[in-house]
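Heads up, the thing below is written out as C-alpha cells.
Computed over heavy atoms, backbone and side chain alike; hydrogens, waters and symmetry mates excluded. This chain uses plain numbering: 1 for the first residue, then up along the sequence.
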Amino acid sequence: MNIPSIVKGLCPSASALGLAAFSRADAVLPAFGINTPLRTAHFLAQALHETGGLADKDLEENLVYSADRLHAVFPRYFDSVESAQPYARKPEAIANRVYGGRMGNISAGDGWKYRGRGIFQLTGKDNYKVISQILGLDLVDNPGRVSSAEYALPTACAFWSSKRLSPLADADDIRTITQRINGGFNGLDDRARWLIMAKAALGVG
C-alpha cells in the first residue's frame with residue numbers, strides 16, 4: 001500500500017518525528033492485523049486526528065494550560081478559574097493533579113511520568129504496562145520510548161490491538177472506535193474528515 005507515502009500526502013505539515021514514526025508502516029501495521037485498506041484507513045483517521053496531522057513535534061501531551069483552559073478542560077479537578085491559577089502553565093503539576101491516583105498512577109510523580117505520549121496519547125501506568133506486555137518491551141521504566149520514532153507506531157498498533165478495533169473497522173464503525181480510543185466522542189467530526197481522506201487515498205469505496 002505504501003503507507004508512508006500516503007501519510008506524507010495526507011499530512012503536508014507533518015513533523016520529522018511523525019514521518020519517521022510511519023517510515024516502517026508497511027511492515028508494522030500488518031503485524032498487528034491492520035492489514036486491509038479499510039482497517040488502515042480507520043487507523044490513520046484516528047492517528048492523524050490525535051496527532052493533528054502528525055504536526056505534533058514531540059508526540060507528547062501538551063499540558064501548558066492557562067487557568068481558564070484548565071477549568072474548561074478539567075472541571076472535575078479545577079472547579080473554578082481561581083482554583084486552577086496555581087497550576088497555570090505548570091505541566092508537571094497539572095499532570096500530577098489530573099492523572100495522579102488513577103490509571104495505576106499510585107506513586108508521587110506518576111501522573112507526569114505516565115502522561116499522554118505517542119500516536120494515541122497513551123496515558124497512565126496501567127496502560128504502559130499493558131502495551132509493555134504486548135510488545136515485550138519495558139515502557140514502565142522507559143516511558144519516553146512511547147513517543148520515539150522507533151516505538152511510536154508499534155505502541156499505537158499494540159494499543160489498537162488491545163482495544164480490539166480491527167473488527168470495528170471492518171464494520172466501518174468510527175463511533176465505537178473513537179469511544180474506545182478517546183473514552184468519548186471528542187473530535188468525532190474531525191476523525192470522520194480524516195477517514196474520508198484516508199479512504200480516498202487508499203482506494204476504499
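Residue L202 is not grouped with residue L195 when hydrophobic side chains (ILVMFWY) are merged at heavy-atom distances under 4.5 angstrom, including chains of intermediate members. Tracing side-chain contacts under 4.5 Å through hydrophobic residues (I, L, V, M, F, W, Y), one reaches Y151 starting from V140; they form part of the same cluster. Under the 4.5 Å side-chain heavy-atom criterion for grouping Ile, Leu, Val, Met, Phe, Trp and Tyr, I177 is connected to L29 within one hydrophobic cluster. Cluster membership for V204 and I174, using ILVMFWY side-chain heavy atoms within less than 4.5 angstrom, is not shared. Both F43 and L48 are part of a single hydrophobic cluster, where members link through side-chain heavy atoms under 4.5 Å apart.
Between the side chain of N182 and the backbone N or O of T178, no donor-acceptor pair lies under 3.5 Å. Checking side-chain atoms of S161 against main-chain N and O of A158 turns up no donor-acceptor pair under 3.5 Å. In this structure a side-chain-to-backbone donor-acceptor pair under 3.5 Å is present from S132 to L137.
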TODO: Report the C-alpha separation of E50 and I181 in whole Å, then their side-chain angles, then the decisive distance to 0.1 Å, and conclude whether the side chain to side chain contact (heavy atoms under 4.5 Å, CB included) test is met.
DONE: CA-CA 10 Å; E50 291 288 342; I181 289 175; 3.8 Å; yes

- [ ] In sequence, state the C-alpha distance, the side-chain angles, and the governing distance for F159 and I134, and then conclude on side chain to side chain contact (heavy atoms under 4.5 Å, CB included).
- [x] CA-CA 9 Å; F159 180 81; I134 292 173; over 6 Å; no

TODO: Under the side chain to side chain contact (heavy atoms under 4.5 Å, CB included) rule, what do R39 and D170 come out as? Steps first, then yes or no, please.
DONE: CA-CA 6 Å; R39 291 180 179 187; D170 294 339; 2.7 Å; yes

- [ ] Show your working on side chain to side chain contact (heavy atoms under 4.5 Å, CB included) between V146 and I131 and close with a plain yes or no.
- [x] CA-CA 10 Å; V146 176; I131 304 307; over 6 Å; no

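For D190, the salt bridge (charged side-chain N to carboxylate O under 4.0 Å, His left out) test picks out R193, with sequence neighbours left out. Residues passing the salt bridge (charged side-chain N to carboxylate O under 4.0 Å, His left out) test with K199, sequence neighbours excluded: D172.
Aromatic rings from F32 and W160 are positioned such that their centres are separated by 6.0 Å or more.
Taking all atoms of both residues into account, the shortest heavy-atom contact from P154 to L135 is O-CD2, 4.0 Å. Nearest heavy-atom pair across L139 and R145 is CD2-CB, 3.7 Å. For the pair S80 and S83, the tightest heavy-atom approach, listed with the atom from each and the gap, is O-OG, 2.8 Å. Summarising the geometry of R180 relative to R164, their closest heavy-atom pair is NH1-O, 3.5 Å, with the distance given to 0.1 Å. Nearest heavy atom pair, residue G53 against residue W194, reads CA-CZ2, 3.7 Å. Of all non-hydrogen atoms in C157 and I34, the two that sit nearest each other are SG-CD1, 3.9 Å.
Atoms CG and CD, from D56 and E61 in turn, are 10.5 Å apart once rounded to the nearest 0.5 Å. In this structure, CZ in F185 is found 6.5 Å from OG1 in T176, a value given to the nearest 0.5 Å.
Side-chain contact between D173 and H42 is absent, with no heavy atoms from C-beta onward closer than 4.5 Å. At least one side-chain heavy atom of D26 sits under 4.5 Å from a side-chain heavy atom of P4. In this structure, the side chains of L153 and I119 come closer than 4.5 Å at one or more pairs of heavy atoms.
Within the hydrophobic cluster formed by Ile, Leu, Val, Met, Phe, Trp and Tyr side chains joined at under 4.5 Å, directly or through other members, L63 is accompanied by Y65, L70, V73, F74, Y77, F78, Y87, I94, V98, Y99, M103, W112.
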